[in-house]
Amino acid sequence: MTTSSPTTLLGSQEPRLVKRPHSIGTHGDMVIQFGEAVGVNLFPWQQGLIRDLFAYNEQGKWAAAEAGFLVARQNGKGEVLVLYDLAHLFLFPRPDNKRKTILHSAHEFKTAVDGFDRLRGVIEANPELMDRVEHIYTGAGQQQIILKRRRGQNALGDRIKFVARSKSSGRGFSADTLIYDEAQELAVTARDALSYTATTVPNGQELFVGTVPDEAENAFEVFEGVRDRGRSLEGNENTLWAEWSPAGSEDPDVADKLDPAEREGWAKANPTMGYLPGFDESKVLKQFEQDTSAAKESFKRERLSVWPNRRPEEEVRVNDLDMDAWERGLDVKAAHGKPLVLSVRVADNGGYATISAASLLADGRIYVEHKYSAAQTLWAPKKLKALKEEMGADSVVLDEKKCAGILQDLKRERIKYVSIRPGELAGAHSLFAESVAAGTVVHRGQPELTDSLLLAQPRAIGQYGYTWEQSDPTEPVTPAQTVTEALWGVKNFEATAKPKTPSRGIA
């Protein structure tokens, strides 16, 4: 359709997609009244979320053990989180009188601090709340609010702690309530470090809040899983999901045909539009007109929350690598040539890591080899350094996002590396497949490497192309991933050996 001058367009106060667990009542109205009394006033759509989040079942437990909501940026999710934090801290103590811990996490430190500052501002503005506070810690990385002990409470008072997520966030204490802000950036390893803190909690709840991820940039598997469980009409009885998005956007075929200029979709995806000063139809129109991405993909992702399920054929897409050509590349006497490149990769679950190598032979073919895989990841930097020295490697290639947990250790070991970007990752995948098919890849028949290639399946990364991912979550594909990246490193050695910027190539 053709856009016209803006009129008064109001955002939808009801989620277009919603899944609510069975409940017999809700504490939501009490929470809303509490919020109004301390100066937190919500729009109807935000109030609806609060009612759903504080619904309870016959056992008096939260109906939703897992909850998530998807709404576009600038719509006011922060106000929902402020009231959610306040309510859990002040209104719902543990019935056994033990200490209650609320863990509020975000991908970026600045977002965690912003959440802390919002909550702190409300508490400090209300003397009746401050009277219940024992201490507010404001030191960098130590942001938390601790209450005075309740009557009969022998341990320390209830608390809320704000953290930036990492592989070790939250380890060492138990959390009753877990909030994952910026859930589109929630890596499996970071989620595991936090979620296991709630293992022994009798009435816990996890809340995932985020926007549609950029599949080329974000570690979104956890939030995608919550979304899929929420969109599913069967099973997952304890999952709450609410989504504001244009009609049909969960269907890949419909999503491809959505008209981003359709104003009805703007209203369905932005519940606060027209209600909040400064956020009206004219602002959305300006964002639409300024978006220069192909087919307005950025606008559809950021403003309309278009995040379709994968097509069935994508979910079951088989590995199209020419395995016959791979077998023809067998050479048990192969030995490395020059240049020689090493690649390291940490598994998505953080449970293990792999190092592989590739090098250019005198006849122009490339020899690839799986060097080492082991459980955990702390061993990887030292092992990588040892292999680099032993083999005389010319370069190290890695994906910084996948290796985030070991980057500091790589720095301590003074290992220089080239970080492969999303577009290059897709290029590496295509290059590897084409090289195998062309008969220019040599290997020595390592069963673990062949099995990894058989189990790896392509996954789309935005508009760039494909990369390898696991077809079975229990079977590793890091050998396939690392030889692919190492081969790319050999092919691009001249271009990558001398990085243009300090941040690209130095740990």
Side-chain angles (χ1 to χ4, degrees), residues 13-15 17-38 40-71 77 79-105 119 122 129 132 147 150-153 157-160 174-181 183 194-195 197-209 225-227 229-243:
Q13 296 303 290
E14 291 294 325
L17 291 178
V18 63
K19 179 178 183 178
R20 296 183 176 96
H22 166 73
S23 65
I24 62 169
T26 179
H27 299 298
D29 289 323
M30 177 184 69
V31 172
I32 293 167
Q33 292 174 9
F34 167 69
E36 291 172 347
V38 297
V40 181
N41 299 288
L42 302 183
F43 295 117
W45 73 271
Q46 297 167 319
Q47 294 179 355
L49 280 175
I50 291 295
R51 293 187 182 96
D52 289 337
L53 288 167
F54 289 96
Y56 55 87
N57 59 25
E58 288 86 350
Q59 290 75 44
K61 295 184 177 181
W62 304 124
E66 172 187 71
F69 65 92
L70 175 67
V71 65
K77 67 178 177 63
E79 292 303 306
V80 177
L81 294 182
V82 167
L83 185 52
Y84 184 81
D85 289 344
L86 280 168
H88 272 289
L89 185 61
F90 288 98
L91 299 183
F92 299 103
R94 286 180 57 140
D96 58 10
N97 231 13
K98 292 183 179 179
R99 178 184 223 186
K100 180 175 182 177
T101 294
I102 302 136
L103 194 57
H104 186 132
S105 74
L119 181 65
V122 174
L129 296 182
R132 296 182 56 186
L147 301 187
R150 291 178 271 109
R151 180 174 298 178
Q153 189 174 27
D158 299 338
R159 64 174 172 172
I160 181 168
S174 178
D176 300 79
T177 306
L178 289 164
I179 299 102
Y180 304 98
D181 197 0
L194 294 168
S195 64
T197 69
T199 302
T200 61
V201 171
N203 186 25
Q205 188 175 68
E206 292 183 280
L207 174 59
F208 302 80
V209 182
V226 178
R227 181 208 66 179
R229 290 188 290 276
R231 285 178 172 179
S232 173
L233 298 178
E234 298 179 358
N236 310 301
E237 290 84 1
N238 296 321
T239 297
L240 165 68
W241 177 255
E243 174 179 333

Candidate pair Glu243 and Val18, rule side-chain contact (heavy atoms from CB on, under 4.5 Å), full reasoning | CA-CA 6 Å; Glu243 174 179 333; Val18 63; over 6 Å; no
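- The CZ atom of Arg227 sits 7.5 Å away from the CH2 atom of Trp241 when rounded to the nearest 0.5 Å.
- Arg150 places a side-chain N or O within 3.5 Å of a backbone atom of Lys98 that can act as its donor or acceptor partner.
- Between the side chains of Asp158 and Gln153, at least one donor N or O sits under 3.5 Å from an acceptor N or O.
- Looking at Glu79 and Tyr84, their side chains never bring a donor and an acceptor atom within 3.5 Å of each other.
- Judged by distance alone, with hydrogens and angles left aside, the side-chain atoms of Asn97 form a donor-acceptor pair with the main-chain N or O of Gly152 at under 3.5 Å.
- With hydrogens and angles ignored, the 3.5 Å screen pairs a side-chain donor or acceptor of Lys19 with a backbone N or O of Ser232.
- Put simply, CD on Gln46 and CG on Leu81 are 10.0 Å apart, with the number rounded to the nearest 0.5 Å.
- Contact record, Ala67 with Leu53: CB-CD2, 3.6 Å, taken as the closest heavy-atom pair.
- Using modelled atom types, one side-chain atom of Lys100 and one backbone atom of His88 make a donor-acceptor pair closer than 3.5 Å.
- Summarising the geometry, atom CD1 belonging to Ile24 is positioned 7.0 Å from atom CG belonging to Asn57; distances are rounded to the nearest 0.5 Å.
- The heavy-atom pair separating Val31 from Ala87 by the smallest distance is CG1-CB, 3.8 Å.
- Using bins of under 30°, 30° to 60° and over 60° for the plane-to-plane angle, the ring pair Phe54/Trp62 lands in the perpendicular bin.
- In terms of heavy atoms, Gln13 sits closest to Pro44 at OE1-CD, 3.3 Å.
- Looking only at atom types and distance, the side chain of Thr177 has no donor-acceptor partner in the side chain of Gln205 under 3.5 Å away.
- Within the model, atoms CD of Glu66 and CD of Glu206 stand 7.0 Å from one another, a figure rounded to the nearest 0.5 Å.
- Nearest heavy-atom pair across Ala63 and His22 is CB-O, 3.4 Å.
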Please report the C-alpha distance between Asp181 and Lys77 in whole Å, then the side-chain angles of each, then the deciding distance to 0.1 Å, and finally whether the salt bridge (charged side-chain N to carboxylate O under 4.0 Å, His left out) criterion is met.
-> CA-CA 9 Å; Asp181 197 0; Lys77 67 178 177 63; 2.8 Å; yes
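- Salt bridge absent: Arg99 and Asp176 never bring a charged side-chain N and a carboxylate O closer than 4.0 Å.
- Looking at every heavy atom in both residues, Ala64 comes nearest to Leu240 through CB-CB, 3.6 Å.
- With values rounded to the nearest 0.5 angstrom, Leu83 atom CG is found 9.5 Å from Glu36 atom CD.
- A side-chain donor-acceptor contact under 3.5 Å links Arg159 and Thr101.
- Leu119 approaches Val82 most closely through the heavy-atom pair CD1-O, 4.0 Å.
- The distance from the CG atom of Asn238 to the NZ atom of Lys61 is 10.0 Å, given to the nearest 0.5 Å.
- Residues Leu42 and Leu49 fail the side-chain proximity criterion, which asks for heavy atoms closer than 4.5 Å.
- A donor-acceptor contact closer than 3.5 angstrom links the side chains of His104 and Asp85.
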